[in-house]
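One structure is given here, and the rest of the page talks about it.
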Amino acid sequence: MDVPVLVGYNIFRKQSPHITIYYPFVMGLENRQAEININATIVSTINATLVDLGYHDSNLQELIGQFEIKTNSRGILSLTITVYSFTGGAHGMTVVKSLLFSSRTGYLYGLHDLFSRPSDYITKLSNIIDTKIKEWDIPLFDEFTKIRDDQDFYLADHALVLYFQLYEITPYAVGFPYFTIPLLDIQEMIKPNGPLEQFLHF
């Protein structure tokens with residue numbers, strides 16, 4: 001039976017500087033160790049991001065952390081964590097982190113876990129993104145060559161979404177470049193019995 005994971009959250013607030021952080025957590029999993037591992041990973045990811053964005057900076061004026069559930073079914077939990085920081089200047093800085101878990105084992109999947117080893121998925125995914133960049137005429141700092149081995153991604157039901165951070169490949173004004181790739185378009189290189197295979201069919 002496909003039962004979604006129960007997700008709650010705790011809120012950390014501080015008035016000066018203005019800090020509001022939403023910490024999601026899972027609960028009620030049959031595998032207690034999986035629940036512990038998932039929650040520990042979420043907290044450590046958020047805290048590391050807060051530090052990177054100036055939590056201890058004396059110039060910090062505002063820090064906001066939120067989360068969004070992208071997929072919560074078929075034993076898979078995919079979520080994004082968005083942290084915005086303002087320490088002065090023309091604008092603040094935002095970072096988006098994504099986590100893809102097995103809700104049965106607590107395993108945190110990397111991009112390499114999603115595809116068959118001989119598939120050369122880096123090149124194939126990069127080619128898809130390169131085509132979209134050219135079709136959409138997205139301004140870049142330099143010519144796009146390929147995604148990172150640890151490229152940011154999340155699973156949105158029946159699509160894989162790859163994305164880049166602010167300033168990673170585009171000017172700030174472009175925002176976050178997101179590239180949605182339907183799983184059916186890359187099914188030949190999806191790892192058998194991996195986390196994506198069960199989402200190939202509706």
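Computed from a predicted structure; not experimentally measured.
Rounded to the nearest 0.5 angstrom, Arg74 CZ and Leu196 CG are separated by 11.5 Å. Once rounded to the nearest 0.5 Å, the distance linking NZ of Lys146 with CD1 of Ile122 reads 7.0 Å. Note that CG of Leu77 is 6.0 Å distant from CD1 of Ile38, once rounded to the nearest 0.5 Å. Taken from NZ in Lys14 to OG1 in Thr20, the straight-line distance is 12.0 Å, to the nearest 0.5 Å. To the nearest 0.5 Å, atom CD1 of residue Ile76 and atom OG of residue Ser102 are 5.5 Å apart.
Although no hydrogens or angles enter the test, the distance criterion places no donor-acceptor pair under 3.5 Å between the side chain of Asn31 and the main chain of Thr105. For Asn10 (side chain) and Tyr23 (main-chain N/O), no donor-acceptor pair under 3.5 Å exists by modelled atom type. Remark: side-chain polar atoms of Gln165 are paired, donor with acceptor, to backbone N or O of Val96 under 3.5 angstrom. Thr131 contributes a side-chain N or O that, together with a main-chain N or O of Asn127, makes up a donor-acceptor pair within less than 3.5 Å. Side chain of Ser78 to main chain of Thr71: no donor-acceptor pair is present (N/O by atom type, distance under 3.5 Å, no hydrogens or angles). Of the possible polar contacts, one joining the Glu197 side chain to the Asn193 backbone as a donor-acceptor pair under 3.5 Å is found. Side-chain atoms of Arg13 do not come within 3.5 Å of backbone N or O of Ile21 as any donor-acceptor pair.
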Can you check side chain to side chain donor-acceptor pair (under 3.5 Å) on Asp120 and Thr123, steps first, answer last? CA-CA 6 Å; Asp120 192 15; Thr123 297; 3.0 Å; yes
Mind running salt bridge (Lys or Arg N to Asp or Glu O under 4.0 Å) on Glu35 and Arg32 for me, showing each step along the way? CA-CA 5 Å; Glu35 182 176 310; Arg32 177 60 178 161; 2.5 Å; yes
Verify ring pair (Phe, Tyr, Trp, His ring centres under 6.0 Å) between Tyr163 and Tyr178, making sure each step is shown before the conclusion. CA-CA 4 Å; Tyr163 66 96; Tyr178 289 92; 5.3 Å; yes
Verdict with supporting geometry, Met93 and Phe86, side-chain contact (heavy atoms from CB on, under 4.5 Å): CA-CA 6 Å; Met93 186 62 182; Phe86 183 69; over 6 Å; no
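Taking the side chain as every heavy atom from C-beta outward, Pro177 and Leu162 never approach each other to under 4.5 Å. Phe153 places a side-chain heavy atom less than 4.5 Å from the side chain of Leu160. With contacts defined as side-chain heavy-atom distances shorter than 4.5 Å, the pair Ile19/Phe12 qualifies. The side-chain heavy atoms of Ile186 and Ile128, taken from C-beta on, include a pair separated by under 4.5 Å. Val26 places none of its side-chain heavy atoms less than 4.5 Å from the side chain of Leu6. Using a 4.5 Å cut-off on side-chain heavy atoms (C-beta onward), Leu125 and Met189 make contact. Two residues are said to be in side-chain contact when any heavy atoms from C-beta on lie closer than 4.5 Å; Leu111 and Ile147 meet this criterion. Within the 4.5 Å cutoff, side-chain heavy atoms of Ile46 are placed close to those of Ile42.
Under the 4.5 Å side-chain heavy-atom criterion for ILVMFWY residues, no single connected hydrophobic cluster contains both Val51 and Tyr84. One hydrophobic cluster, built from ILVMFWY side chains closer than 4.5 Å, cannot hold both Val5 and Phe199; they sit in different ones. Placement of Leu53 and Tyr22 within a single hydrophobic cluster is found when ILVMFWY residues are connected by side-chain heavy-atom separations under 4.5 Å, directly or transitively. No continuous path of hydrophobic side-chain contacts links Leu114 to Val161 [ILVMFWY only; heavy atoms under 4.5 Å]. Residues Tyr9 and Ile36 do not share a hydrophobic cluster, clusters being chains of Ile/Leu/Val/Met/Phe/Trp/Tyr side chains in contact below 4.5 Å.
Residue Lys191 places its NZ atom among 12 or fewer non-hydrogen atoms of other residues, nucleotides or ligands, all under 6.0 Å distant. Annotation for Glu188: atom CD counts as buried by contact number, over 12 foreign heavy atoms lying within 6.0 Å.
A salt bridge links Arg148 with Glu168: the closest approach of a Lys/Arg side-chain nitrogen to an acidic carboxylate oxygen falls below 4.0 angstrom. Ion pairing between Asp130 and Lys134 holds under the 4.0 Å rule for side-chain N and carboxylate O.
Taking each heavy atom of Phe25 and Asn39 in turn, the nearest pair found is CA-OD1, 3.2 Å. Taking both residues in full, the closest heavy atoms of Thr82 and Thr94 are given as CG2-CG2, 3.5 Å, listed atom of the first, atom of the second, then distance. Nearest heavy atom pair, residue Ala34 against residue Gly106, reads CB-N, 3.4 Å. In terms of heavy-atom proximity, Pro139 sits nearest to Val174 at CG-CG2, 3.5 Å. When all heavy atoms of Ser119 and Ser116 are compared, the closest pair comes out as OG-O, 2.7 Å.
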Which pairs of donor and acceptor atoms, one on a side chain in residues 56-69, lie under 3.5 Å apart (sequence neighbours left out)?
{"from": "Asp57", "atom 1": "OD1", "to": "Asn59", "atom 2": "N", "distance (Å)": "2.7"}
{"from": "Glu68", "atom 1": "OE1", "to": "Lys70", "atom 2": "NZ", "distance (Å)": "3.3"}
{"from": "Glu68", "atom 1": "OE2", "to": "Lys70", "atom 2": "NZ", "distance (Å)": "3.2"}

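Between Tyr109 and Tyr107, the ring center distance clears the sub-6.0 Å criterion. In summary, the aromatic rings of Tyr167 and Tyr172 are positioned with their centroids under 6.0 Å apart.
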